[in-house]
Number of protein chains: 2
Amino acid sequence: MSQDELIAKKLSAMAHPARLAIVHMLVKAGPQGVSASQLGGPLDIAANALTFHLQKLAHAGLVESRRSGRFVIYTAAFDELLNLTNYLVGSCCVDSAEKCGPRCPTSEPSPMHISTSRGEQND
Amino acid sequence: MSQDELIAKKLSAMAHPARLAIVHMLVKAGPQGVSASQLGGPLDIAANALTFHLQKLAHAGLVESRRSGRFVIYTAAFDELLNLTNYLVGSCCVDSAEKCGPRCPTSEPSPMHISTSRGEQND
DNA sequence: GCTAAACTTCAATAATTCATGAAATGTTGT
DNA sequence: ACAACATTTCATGAATTATTGAAGTTTAGC
């Protein structure tokens with residue numbers, strides 16, 4: 001899977017209002033995570049639909065899950081999310097830096113520039 | 001259109017390898033932009049397919065176009081892209097900041113936090 | 001073991017998206 | 001006006017994605 005295909009898959013996973021809201025809740029919640037039912041309640045998503053969406057996000061590597069009693073706790077995959085955002089604007093105007101204005105995201109070092117130790121995912 | 005729907009639309013627009021490659025080329029090119037044929041050539045996309053993809057991106061507000069002679073020059077909508085990336089990780093662990101680690105993207109101010117003067121888009 | 005709760009799987013349908021070929025539009029130069 | 005180039009529009013079919021209802025699995029408590 002090419003880099004672009006991998007990134008497109010992640011974007012595609014988030015390109016749905018329900019899933020975006022899920023990711024947002026998980027990002028807000030931080031590393032402690034949120035159980036599936038805690039997500040489904042406020043967002044008003046049926047249980048099976050919730051599973052569908054969470055699996056899509058998990059398959060794209062954007063969320064992780066662990067079991068805790070009868071609950072399944074989901075957490076955002078922060079590294080992957082940061083990778084993603086960095087990719088989107090991380091190479092602004094490399095072909096013509098001198099023509100880019102002061103708001104260019106690469107004009108000053110950003111804390112977004114992190115590297116993970118993960119290899120490429122093989123579907 | 002809700003905030004989530006608007007963001008989902010933008011993500012959806014980029015959730016395709018060809019469109020992602022287009023955005024990447026435009027971001028790399030900076031404000032000067034690139035003509036449609038200059039995009040289509042290297043990416044090996046048929047002219048009509050290219051139009052399809054560019055329109056999807058334009059409709060999501062991620063690219064802008066202007067005519068220059070017989071060419072149509074496309075540029076990335078940098079503000080919108082930055083808005084987008086900021087949205088994705090901009091509210092990390094607001095519900096439990098103390099439990100988030102040092103890599104939390106909100107743990108130090110980021111140059112990504114910009115505000116635009118644009119109102120909400122009404123489709 | 002039984003029951004309820006939390007979650008997942010399955011199956012069918014509806015809706016959207018993408019690729020392709022053919023035709024049309026707009027622009028430049030002769 | 002004409003020819004060539006750049007881009008867009010239109011129409012079709014294939015493929016993917018989302019929604020819904022029903023049934024199945026795992027865990028905790030009695």
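A, B, ... follow the sequence lines: proteins, then strands. Residue 1 opens every chain. Side-chain atoms are counted along with the backbone in the values below, which use heavy atoms only and exclude waters and symmetry mates.
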K.L.:
Give the nucleotide from the list C:dT17, D:dT9, C:dT9 with an atom nearest to the side chain of A:Asn48.
P.N.:
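When the side chain of A:Asn48 is considered, C:dT9 is the closest of C:dT17, D:dT9, C:dT9.
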K.L.:
Which nucleotide in the list D:dT7, C:dT8, D:dT9 gets nearest to the side chain of A:Tyr74?
P.N.:
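Among the listed nucleotides, the one closest to the side chain of A:Tyr74 is C:dT8.
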K.L.:
Relative to the 5' end of DNA chain D, which residue comes earlier, A:Ala46 or A:Ser68, by the nucleotide with the nearest heavy atom?
P.N.:
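First, find each residue's nearest nucleotide; the 5'-ward one identifies A:Ala46.
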K.L.:
For the side chain of B:Ser35, starting at C-beta, report the closest nucleotide among D:dT26, D:dT7, D:dA18.
P.N.:
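Side chain of B:Ser35 sits closest to D:dT7.
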K.L.:
Return the value, rounded to whole Å, for the distance between atom CG of B:Leu57 and atom C1' of D:dT7.
P.N.:
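Value for this atom pair: 16 Å.
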K.L.:
Rounded to the Å, how far apart are B:His53 NE2 and D:dT7 P?
P.N.:
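Answer to the nearest Å: 16 Å.
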K.L.:
Identify which nucleotide among C:dT27, C:dC7, C:dC18 has an atom closest to any side-chain atom of A:Ala36, counting heavy atoms from C-beta outward.
P.N.:
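Among the listed nucleotides, the one closest to the side chain of A:Ala36 is C:dC7.
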K.L.:
Would the distance check show the side chain of A:Arg19 and the main-chain N or O of A:Ala13 forming a donor-acceptor pair, the cut-off being under 3.5 Å?
P.N.:
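Yes.
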K.L.:
Please report, rounded to the nearest Å, how far the C1' atom of D:dT9 is from the CG atom of B:Leu54.
P.N.:
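Rounded to the whole Å, the gap is 15 Å.
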K.L.:
In whole angstroms, how far is the C1' atom of D:dT17 from the NZ atom of A:Lys9?
P.N.:
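Atom NZ in A:Lys9 sits about 14 Å away from atom C1' in D:dT17.
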K.L.:
Give the cluster check for B:Val63 versus B:Val72: same hydrophobic cluster or not, with ILVMFWY residues linked at side-chain heavy-atom distances below 4.5 Å.
P.N.:
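Result: yes, single cluster for both.
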K.L.:
For A:Leu50 and D:dT19, what is the distance between atoms CG and C1' respectively, to the nearest whole Å?
P.N.:
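Going from A:Leu50 (CG) to D:dT19 (C1'), I get 14 Å.
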K.L.:
Rounded to the nearest 0.5 Å, how far apart are CG of A:Leu62 and OG1 of A:Thr75?
P.N.:
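Rounded to the nearest 0.5 Å, the CG-OG1 separation comes out at 11.5 Å.
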K.L.:
Please give, in whole Å, the distance from D:dT9 C1' to B:Lys56 NZ?
P.N.:
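B:Lys56 atom NZ is separated from D:dT9 atom C1' by 17 Å.
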K.L.:
Just how far, in rounded Å, is P of D:dT17 from NE2 of A:His16?
P.N.:
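Computing the A:His16:NE2 to D:dT17:P distance gives 12 Å.
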K.L.:
I need the minimum non-hydrogen distance between B:Pro42 and B:Met25, along with the two atoms involved.
P.N.:
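Closest pair (atom of B:Pro42, atom of B:Met25, distance): CG-CE, 4.2 Å.
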K.L.:
Heavy-atom nearest nucleotide on DNA chain C for A:Phe52 versus A:Arg70: which residue maps closer to 5'?
P.N.:
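This one resolves to A:Arg70.
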K.L.:
Of the candidate nucleotides D:dA22, C:dA6, D:dT17, which contains the atom at the shortest distance from the side chain of A:Phe71?
P.N.:
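For A:Phe71, the side-chain atoms sit closest to C:dA6.
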K.L.:
With respect to the side chain of B:Ser37, which nucleotide from D:dT7, C:dC7, C:dG21 is positioned closest?
P.N.:
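The nucleotide sitting nearest to the side chain is D:dT7.
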K.L.:
Quick check: is B:Leu20 connected to B:Phe52 through a chain of hydrophobic side chains (ILVMFWY, heavy atoms under 4.5 Å apart)?
P.N.:
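Different clusters: B:Phe52 never reaches B:Leu20 through Ile, Leu, Val, Met, Phe, Trp or Tyr contacts under 4.5 Å.
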K.L.:
Could you work out which one of C:dA19, C:dA6, C:dT8 sits closest to the side chain of A:Gln55?
P.N.:
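For the A:Gln55 side chain, the nearest candidate turns out to be C:dT8.
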K.L.:
Please report, rounded to the nearest Å, how far the P atom of D:dT16 is from the NE2 atom of A:His59.
P.N.:
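It works out to 14 Å between those atoms.
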